Number of protein chains: 2
Amino acid sequence: MAAKKAGGTAVGGPDTGAQRAVEVNLIAVLVAVTGGEPRLMTLDGGKALPSGPFELEHRSLQSGLRDWVEQQTHHPLGYVEQLYTFADRDRAEGVALGRVISISYLGLTREDAARPSGDSWRSWYDYFPWEDWRSGRPPVVDAVILPALNAFANLAATEAVAAQRRQRIALAFGLAGNEWNEELTLQRYELLFEAGLVAEAVRGGGEGGAVLPGREMIADHRRILATGIARLRAKIKYRPVVFELMPPAFTLLQLQRCVEALGGRLVHKQNFRRLVEQQELVEETGETAAELPGRPAKLFRFRPAVELERSIAGTKLPLIRT
Amino acid sequence: MAAKKAGGTAVGGPDTGAQRAVEVNLIAVLVAVTGGEPRLMTLDGGKALPSGPFELEHRSLQSGLRDWVEQQTHHPLGYVEQLYTFADRDRAEGVALGRVISISYLGLTREDAARPSGDSWRSWYDYFPWEDWRSGRPPVVDAVILPALNAFANLAATEAVAAQRRQRIALAFGLAGNEWNEELTLQRYELLFEAGLVAEAVRGGGEGGAVLPGREMIADHRRILATGIARLRAKIKYRPVVFELMPPAFTLLQLQRCVEALGGRLVHKQNFRRLVEQQELVEETGETAAELPGRPAKLFRFRPAVELERSIAGTKLPLIRT
DNA sequence: ATGGGCAATACTCATTCTGAGCATAAGACG
DNA sequence: CGTCTTATGCTCAGAATGAGTATTGCCCAT
């Protein structure tokens, strides 16, 4: 390795020939919401996310990702944002001293009815049944998860560690005065992973304890999915990203169902409308839709300007007015 | 180097000779706040951020980063979070067909008076003078930036592009009914870059137009810094990260000055206190500090529990109470 | 054509948050 | 003892929220 002087000289000096078998992988969490369910593009019978190596032909990371996803799923990629980058020593099985860098992305689209993508779209709650609170607290939480997590906490070597685990459990699952926070998807998955309650954790020959319901994925794809869900759940609250998931015209109820699907919880209808309208995110198209029983609903579209405007709203500090 | 098939199965192929010299670089935006100024750890006379290649010995990306930063700056790294990963084709000057993946991190510490780190700590406003609104709207905005950006907008090939540019300018710099939004540091930098108003943009033999005040950096380090500033400015509003920047005990005014330094704007004192206190982020130590003229201020410390509790607060949807 | 069923919309109301100030308290200093 | 300076307290109006109640339209079955 070239002895590299701090920062100054050209980043990446001469390669001295040390075998630097770094491989860069691109992975996509591609989400759509159809029929009130948040869906995920999967491959390999639902066991994998679309992914592929970053190659020299690719103009950029994003375009590399687009190439792979479109090639593997025949589905165009709309809005894309980077999620996280991580490195693992041993993910590639055959390669000796390799290193894999995985760069993950979140993509949002509309599921295209015209384009048959096989059975590759699946509800993300297939993978995380405990994340769907739309019909109330999922039974699996009390029946299986919490008892198992408590056992995990009690198994800790020291009481300090046990207490810390209980804290984490209480926060992640809304116990002891804490509320359920839908944004903690990743923390919950990691807790369950550490406790050996998901298949991925016991794969490498662990204790093989009781494993929760919820589909398994290869490598750490399920963790990446959890990262994507958490990011999206946080983001819909301050950026109008739902846009990307909705058809050009929609009723407010459809919009609400979409938000509920993503968040995994129900929202107050009247207040939701008030919120949407006062933020001026949408405007009436003039049409109405009457597919459901009941009074027909007005159709809305997103205000074109919004994409730029609102999107950059930012939150608040107690500023001084000058 | 192995050619890898999509989706995880590693297929060891012969090295075809295609030079896949992927190099992975770790870069740190290391921030501290001292004397009411947000400071940045730099190297190479302030032209570079601490960085170094990710190597096989490193246990993880983060530990690799820590190694480099501690080696280059002799300063320990506290809180760390990943910022962004990007790839460039041509960053390495000498290497033929190389690719550089840069993974950037934001780190927060306290500047250690005991440990002399040379002149390596610099105010981040040295690099972005237009980002500091604490003493009012910086003169450079009206005197230089806006005229130059307007010229840039007018130079657009089509009126559509020109209009779009004006929109971006108005949003980024708080014109036409928009407020100044301190979180848009990156967007502003990119706008200025595109307009050829920062040194980095004209380096490769551009028009060499008038360049703004503000220190230059190598490669895209300044862009990375802008990313870090934007992230931190956004984050202090919903996560108690200021913690990492404050000494163990502090007055509320000191805390306020720290937040103001980061945000680049002044906050309303009484309301700031109310906010901090009602969130129960801090508790009194019992001591008071009387270094300034005026009534001595109570000293506070962060509530130990906060790190876990509040930190995972999450924002709100109009939820239904069940 | 009439009355129910079902959503969509419209309003209300109490509470909590926020933005802005005014007022008072406590040391330090001449 | 006034005065300067910063720390703290307290007030108040307006905006934002959480939870409901009331009305309005359409379709359908009687």
Side-chain angles (χ1 to χ4, degrees), chain A residues 36 179-182 236-238 249-260 263 265-301 310 313-322, chain B residues 35-36 134 179-182 236-238 249-260 263 265-301 310 313-322:
Chain A
E179 292 223 323
W180 173 263
N181 181 343
E182 72 279 359
I236 45 173
K237 289 170 193 159
Y238 63 97
F250 49 85
T251 69
L252 291 183
L253 184 60
Q254 286 170 335
L255 182 62
Q256 181 182 341
R257 293 284 176 249
C258 177
V259 168
E260 290 176 335
R265 25 195 349 191
L266 301 179
V267 307
H268 183 113
K269 182 155 157 174
Q270 293 90 332
N271 292 346
F272 177 75
R273 290 159 163 274
R274 178 170 65 187
L275 196 73
V276 169
E277 286 177 344
Q278 88 184 10
Q279 290 192 183
E280 298 181 300
L281 293 177
V282 298
E283 61 191 13
E284 299 185 15
T285 65
E287 322 269 304
T288 61
E291 283 132 40
L292 291 172
R295 176 171 170 179
K298 291 186 197 155
L299 283 173
F300 291 81
R301 75 170 74 87
R310 274 292 144 192
T315 17
K316 61 258 161 178
L317 281 179
L319 292 177
I320 276 182
R321 197 157 295 301
T322 50
Chain B
R134 286 175 297 173
E179 292 225 322
W180 173 262
N181 182 342
E182 72 277 1
I236 44 172
K237 290 170 192 161
Y238 61 97
F250 49 85
T251 69
L252 291 183
L253 185 60
Q254 287 168 335
L255 182 62
Q256 180 182 343
R257 293 283 176 247
C258 177
V259 168
E260 289 176 335
R265 28 196 343 190
L266 300 178
V267 307
H268 183 113
K269 182 157 160 172
Q270 292 91 334
N271 292 346
F272 177 77
R273 293 160 161 272
R274 178 171 63 187
L275 196 75
V276 169
E277 286 177 343
Q278 87 186 12
Q279 291 192 179
E280 297 181 301
L281 293 177
V282 299
E283 60 191 14
E284 298 184 15
T285 66
E287 322 269 302
T288 62
E291 283 131 42
L292 291 171
R295 176 171 170 178
K298 291 186 197 156
L299 283 173
F300 290 82
R301 73 170 75 87
R310 272 293 145 191
T315 17
K316 61 260 160 174
L317 282 179
L319 292 176
I320 275 182
R321 197 157 296 300
T322 52

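All values derive from a computational prediction rather than experimental measurement. A note on names: the letters A, B, ... follow the listed sequences, proteins ahead of strands, and every chain is numbered from 1.
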Whole-Å distance separating the [atom1] atom of [X] from the [atom2] atom of [N]:
X	N	atom1	atom2	value
B:Gln279	C:dC17	CD	P	10 Å
A:Glu277	C:dA8	CD	P	13 Å
A:Phe272	D:dA16	CZ	P	18 Å
A:Glu179	D:dG18	CD	C1'	13 Å
B:Leu275	C:dA20	CG	C1'	15 Å
B:Asn271	D:dA15	CG	P	16 Å
A:Glu280	D:dA16	CD	P	12 Å
A:Phe250	C:dA7	CZ	P	20 Å

Give, for atom [atom1] of [X] and atom [atom2] of [Y], the distance between the pair rounded to the nearest 0.5 Å.
X	Y	atom1	atom2	answer
A:Leu266	A:Phe272	CG	CZ	12.0 Å
B:Gln254	B:Leu299	CD	CG	7.0 Å
B:Lys298	B:Glu283	NZ	CD	13.0 Å

- prompt: Can you name the closest pair of heavy atoms from B:Arg265 and B:Trp180 and give their distance?
  reply: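 What the structure gives for the nearest pair is NH1-O, 3.1 Å.
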
field: B:Arg274 (side chain) and D:dG9 (base): donor-acceptor pair under 3.5 Å
entry: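 Check fails, no donor-acceptor contact within cut-off.
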
message: With a 4.5 Å cut-off on side-chain heavy atoms, are B:Val259 and B:Gln256 touching?
response: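 A side-chain contact under 4.5 Å is absent here.
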
message: OP1 or OP2 of D:dT17 versus the side-chain N and O atoms of A:Gln278: is any pair under 4.0 Å?
response: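 The answer is yes; a side-chain N or O of A:Gln278 sits under 4.0 Å from OP1 or OP2.
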
N/O to N/O distances under 3.5 Å, protein versus nucleotides 4-8 of chain D:
unit_1 : atom_1 : unit_2   : atom_2 : d
D:dT6  : O4'    : B:Pro293 : O      : 3.3
D:dT6  : O2     : B:Arg295 : N      : 3.2
D:dA7  : OP2    : B:Lys269 : NZ     : 2.4
D:dA7  : N3     : B:Arg295 : NH1    : 3.4
D:dT8  : OP1    : B:Lys298 : N      : 2.6
D:dT8  : OP2    : B:Arg273 : NH1    : 3.3
D:dT8  : OP2    : B:Arg273 : NH2    : 3.2

field: A:Arg301/A:Glu287 salt bridge by N-O under 4.0 Å criterion
entry: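 A salt bridge is absent here (no side-chain N lies under 4.0 Å from a carboxylate O).
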
